[in-house]
Amino acid sequence: MGSDRAHDLRIVGTSQVMVDAVSKVTGKTVFADDLQLPQMLYGKLLRSTEPHARIRKLNVSKAVAAPGVKAVITGADLPIPFGILPVSQDEHVLCPEVVRFVGDPVAAVAATSEDAAFEALNLIAVDYEPLEPIPSIDTALESDKPQLHDYADDGNIHKLINLEFGDVEEGFADAHHVREDVFFFQGNTHLAMEQHSATADWSADGRLTLWSATQTPHYVHRAVAKVLELEPSRIRVIACHNGGAFGGKSDPFSHEIAAAKLAMLTGRPVKITLTREEVFYCHRGRHPVLMWAKTGVDESGKILAMHFKTCLDGGAYGSYGVASTYYTGALQTVTYEVERYKFQGARVFTNKPPCGPKRGHGTPQPRFALEVQLDKIAEDIGVDPVDLRRNHLQPPNSVTANWLKIGTIGLGECIDAVVEGAGWKEKFKKLPFGKGVGIACSSYICGAGLPIYWNDMPQSGVQLKCDRGGGVTIFCGSIDIGQGSDSILAYITAEILGIDPIDVRVVTADTDLTPVDLGSYSSRVTLMTGNAAVQAAEKVRDIIAFHAAKKLETEPDKVRFADRSVLAADDPDQRIAFAEAVQLAEAAQGTVGSIGWYKPEKSPGRYRGAGVGPSPAYSYSAAIAAVDVDPETGIVTVPKIWIAHDIGQSINPMTVIGQVEGSVYMGLGEALMEEMVYRSNRNVVHKFPSMLEYKSPTTHEMCEIETFLVGDPDPNGPFGAKEAGQGPLLPVMPAVANAVYDAVGVRVDEVPITPEKVFKGLRSKDHRVGPKSFPDIPWPEPLCIPTPAEGGDGKALRVETAAKA
Amino acid sequence: MLRLPRFDYLEPKSLKQALKMREASGDNAMYVAGGTDLYPNMKRRHQDPTTVISLANIRALTGVRNRDGHTCIGANTTLTQVAKHRRIKRHYPAIATAAGSISTPLLRNMGTLGGNLCLDTRCNYYNQTLEWRKSIDYCMKKDGAICWVAPSSPRCWAVNSSDLAPVTVAIGAEMALVSADGERVVPAGKFYNDDGIEYLTKRPDEILTELRLPQPNGWDATYLKLARRGSFDFPVLGVAAWIRWDGDTVADARIVLGAVASYPMPVPEAGAAIIGTSLGDDAIETAATAAFKPSKPMDNTDHGLSWRKQMTRVYVARALKELRANNKLI
Ligand SMILES: Cc1cc2nc3c(=O)[nH]c(=O)nc-3n(C[C@H](O)[C@H](O)[C@H](O)COP(=O)(O)OP(=O)(O)OC[C@H]3O[C@@H](n4cnc5c(N)ncnc54)[C@H](O)[C@@H]3O)c2cc1C
Ligand code: SF4
């Protein structure tokens, strides 16, 4: 049937209405907080008012006796720890002994109304014995004794990584020019419109159902089973449509498990919806990262060696932090050729809400540093920053110094598109003082190569069932968080079976009904569930073709599917309705259905840490930002951004452009204003856990965007598709920083680029604002991994040999 | 969602009735107009009246009237109405601009002139939920003993963050207040107090009935607002500048700073620096410097305090240049 691929695509590649668009815009979509069950109780969490303290006494008796209160639980009721990564099971639903940040939950109440629950919280007396808080990277490194957790790699350093791919010192020695810079990327949060919400129901026959605004129902399923000590088969997790997530709903959370526990205790459904302030405390957003980068280039700007150090402020818990730390060093190599590469990463624990994955997970920070440093290098050696990048792209179908296998690369086309679109040559260095342009590029994974817990099973599975009426239902564990993954499943199925997307019913994100998909993170869904859907749909197509062929008086491999019909390829008048073809198949062999699944190929890296970075494909982006800087105030405005994205093949170009524009919007916020600020000297409170004072751009600050979609279909993507959800965010922040430099000659080596910083830079001697030094960190011995060019095999040298070498 | 506490809600139909209700419920009662300030504050439990008396149904408080050449704006007039009113736009553009710069269209549809003029002072140690404030053991303005912004200071430095207040002071408007004792009229400059807690000279039982604007004869005024974003945000600096022209010469001038103190802060030195000049660049520079000096923002709003102070100079100069350009147009 492979020949069918050659037919013109009818749906894939065209702009289609999203399957849930009308429900969304008419307010009909049921979000988690819209759920109302009979007899439902309302739950609330009491959160710590101390950044670091031991709980001396916790008295809930008054709350238990309060009107309307049905249950109160504390840490003692849920002693089993959990966490998203198997290596950091360091969270409790309710802190049993120690609280680690202002906002850490300590008790939960279920009552007949939200008011009663709120009043009851105020009746819980907690007696805290304050412990020394660790508010910053500096203070975390000061003491070598563990303060927050005793499982850290070293003192308060949760994770330490030291990887060397080839001898970088040799590379620096050969270089024409070597530069060292220090950068800081401030932490920021997802700011999804929808606040987290979960509702749990414990049925009389001993089954738990949990509805939640989550990106990872499968991982939530596992965490609930673990903490509540329930058979997984008794638990059903249903992920509701997410009103935005961006990584902020990809951990299992206290409120989800607390709602379940309270439902079990009371025998009534319990809903917990977080306030906006609580969402700030759940956080899991962008890590603040201090970075040191040393890069050596030849005369043309080709990178001979790069040494990158990162230090992440992790907040109070592990979350995805180990992966985040690896990600701050993983993707530096996939855009431009880097011959030798060394990466040292550290993540510290601090008494603040935990950081985790936000759009771009761990890669926007180093990408910012890298792209700004390249801009400086281009100036140092007198090369146009466009040429410096364009002339040294990583070749397609290659393996990078750190053993990432790259397939298609559309970065060259991306650069060309924005350079031409923006009129770069006429603008760069040529605009009047106060106006400037800047360029930056980036790359992102299309799905993490490995699942979060070690297993050999597929990362994504679908089941497909054909109805006698001509409808098709596709079941998949994936969850639509607004990015349109449900629509992708419908388009792909409809494309292959020759039907309309409206004929496809998509049932997703229900652990009872749907096969496992790991969740909506790491830009994995279109590629992985897409491939699984292609496989399942092709199997069903083959079954139907086999049974329809006789009626059409042709061979099964000459049967075509189009216009809701099944027809003979050489005689299109010979056709029957798709529904009739399904009936023929069902009459002959019973219910027509199939399964499809996807698991990425193994990556060539075989060293410890090689699990983070590999992906079936890499997307690429390039952006040029135009800025206006008011030299009297330092205020930066961005009138326009040109952005090109290598999508491989758009399944739906309209939704791809939507993702690109959304990324630019989010990137602008990170570039110019968003930051998580805590008052270290005031009990480490979050300075402004509200949507009014946590500044994110409004439509007034949003720039004009011109988007170019480029790229060749990637053999590993469904129909050649790559990701669009995260990659296009990455070039925005460095492009803005580089444009500010072009406009007024000020280097702001950190984000956000606030007016205060630009103002200061304009009046300082070196016209630079940013961190001055990188701290001393007790790095372990490096793992030495010879690069492919050096004839390595992807494994690390044994430590003794490495030491000798 | 943050929840409102329980309270009694009264809806008087007349001023008289409102004052009676207020008398009956005593100091645990507060007036409400659009509720855009009071209700969020109640949700966060930093204002906690047990009785709320709505002024929304009192006809006498709405509308824009002309009295002896003075334009009088009823306290209940919404900010949208103020911003869009033809006469206000024509004769008092600074008032219309300031009203139109407040927050969002939604808020302006709900929020009233009176509510804005009586807006509670703001501070990011104070405009926080009960739980958050518990973490810092509260502060002097509500439930606590110390001021976290200036711990050694005996007073509260919460910020007057109304966009309209500095304009009313600069142009010399008046506030009409009514209580059981009758009516009194207070110049805008005397309506505010330099104190984060007792920020109004208005007694809590008094109702602000209207804002009386001076006759538009031979003077001009403008308002410039500095805020992070083009919508939603409170000012971190407001500059209201007023000039009475005598041909090309400045006969009289007032410059008032908003959002850098607990009250709209007049800077007489800045006004004095331009009186008698034709508003040349040098005079403007002197005035800008004079305004910059006493401007002392604290670390309790958005943006850094030293930058906000620096911006005083820039914004005062820009406001004066705008007035100079307007005068040339005529
Ligand atoms: C998100 C947000 C952004 C904002 N941004 C800005 C901004 O940029 N600039 C700005 O200036 N303001 C801003 N505000 C404040 C807003 O202007 C005021 O909230 C609004 O004008 C208040 O009007 P109201 O009718 O809703 O007042 P209410 O909330 O009803 O009342 C406010 C106060 O005034 C008292 N009061 C009201 N009317 C009278 C009266 N007639 N007599 C006596 N006392 C009275 C009330 O008792 C209360 O203490 C913002 C508010 C929010 C929530
Ligand atoms: S200025 Fe001081 S006393 Fe006033 S609200 Fe702020 S912290 Fe409290």
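In what follows, chains are A, B, ... by sequence order, proteins preceding strands, each numbered from 1.
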**Study point:** Separation of A:Y694 OH from B:D302 CG (nearest 0.5 Å)
**Key:** 12.5 Å
Point to revise | Contacting moiety of A:K760, where chain B heavy atoms sit under 4.5 Å | key: neither
Exercise for review: Specify which of A:R47, A:H686, A:Q195 makes the most heavy-atom pairs with chain B at under 4.5 Å.
Suggested key: A:H686
**Study point:** Proximal component of B:R122, with respect to chain A [non-hydrogen, under 4.5 Å]
**Key:** side chain
**Study point:** Interchain contact, B:R45 with chain A, by part (heavy-atom threshold 4.5 Å)
**Key:** side chain
Study note, to complete from the structure: Cut-off 4.5 Å, heavy atoms of chain B, and the answer for A:Y281 is side chain
Practice item. Heavy-atom distances under 4.5 Å only: say whether A:E119 touches chain B with side chain, backbone, both or neither. Key: side chain
Check your understanding: Considering all heavy atoms of both residues, which atom of A:T633 and which atom of B:V314 are nearest to each other, and what is their separation?
Key -> CG2-CG1, 4.0 Å
**Study point:** salt bridge (charged side-chain N to carboxylate O under 4.0 Å, His left out) assessment of A:R682 paired with B:D137
**Key:** CA-CA 10 Å; A:R682 301 278 184 262; B:D137 199 19; over 6 Å; no
Review point. B:R308, B:Q310, B:R313: which one forms the most heavy-atom pairs within less than 4.5 Å of chain A?
Key: B:Q310
Review point. B:M311 versus A:F759: any side-chain heavy-atom pair under 4.5 Å?
Key: yes
Point to revise | Heavy-atom check, side chain of A:L692 versus side chain of B:D233, under 4.5 Å | key: yes
Practice item. Using a cut-off of 6.0 Å, state whether more than 12 heavy atoms not belonging to A:Y665 lie near its atom OH. Key: yes
Study note, to complete from the structure: If one checks every heavy atom of A:D33 against chain B at 4.5 Å, the contacting part turns out to be neither
**Study point:** B:P40, part contacting chain A, at a heavy-atom distance under 4.5 Å
**Key:** neither
Review point. With respect to chain A, which residue among B:E131, B:R318, B:K134, B:R6 yields the maximal number of heavy-atom pairs within a distance under 4.5 Å?
Key: B:R318
Practice item. Considering only NZ, NE, NH1 and NH2 on the basic side and carboxylate oxygens on the acidic side, decide whether A:E701 and B:R228 come within less than 4.0 Å. Key: no
Practice item. Could you tell me whether the side chain of A:N683 and the main chain of B:S135 form a donor-acceptor pair under 3.5 Å? Key: yes
**Study point:** Check ion pair B:D299-A:R679 (N to O, under 4.0 angstrom)
**Key:** yes
Review point. Within a radius of less than 6.0 Å around CG of B:D282, do more than 12 heavy atoms belonging to other residues, nucleotides or ligands occur?
Key: no
**Study point:** Side chain / backbone / both / neither for A:E277 at chain B, heavy atoms under 4.5 Å
**Key:** side chain
Practice item. Would you mind checking which part of A:P755 comes under 4.5 Å of any heavy atom in chain B, side chain (CB onward), backbone (N, CA, C, O), both or neither? Key: both
Point to revise | Carboxylate-amine/guanidinium proximity below 4.0 Å for B:R3 and A:E114 | key: yes
Review point. Are B:L226 and A:I635 side-chain neighbours, meaning at least one heavy-atom pair lies under 4.5 Å?
Key: yes
**Study point:** Least distance between heavy atoms, A:S696 atom then B:R229 atom
**Key:** O-NH1, 2.8 Å
Practice item. Check whether any side-chain heavy atom of B:Q128 sits under 4.5 Å from a side-chain heavy atom of A:P689, and report yes or no. Key: yes
Review point. Do you know which of A:T698, A:T754, A:T275 has the most heavy-atom pairs with chain B at a distance under 4.5 angstrom?
Key: A:T698
Point to revise | Heavy-atom pairs under 4.5 Å with chain B, option from A:E278, A:K44, A:M673 with the top count | key: A:M673
Practice item. Answer yes or no: is there an ion pair linking A:D115 with B:K43, defined by an N-O contact shorter than 4.0 Å? Key: no
**Study point:** For chain B, the option from A:H700, A:K695, A:E632 that forms the most heavy-atom pairs under 4.5 Å
**Key:** A:K695
Exercise for review: Measure from the side-chain N and O atoms of A:E756 to the backbone N and O of B:W307, and report whether any donor-acceptor pair falls under 3.5 Å.
Suggested key: no
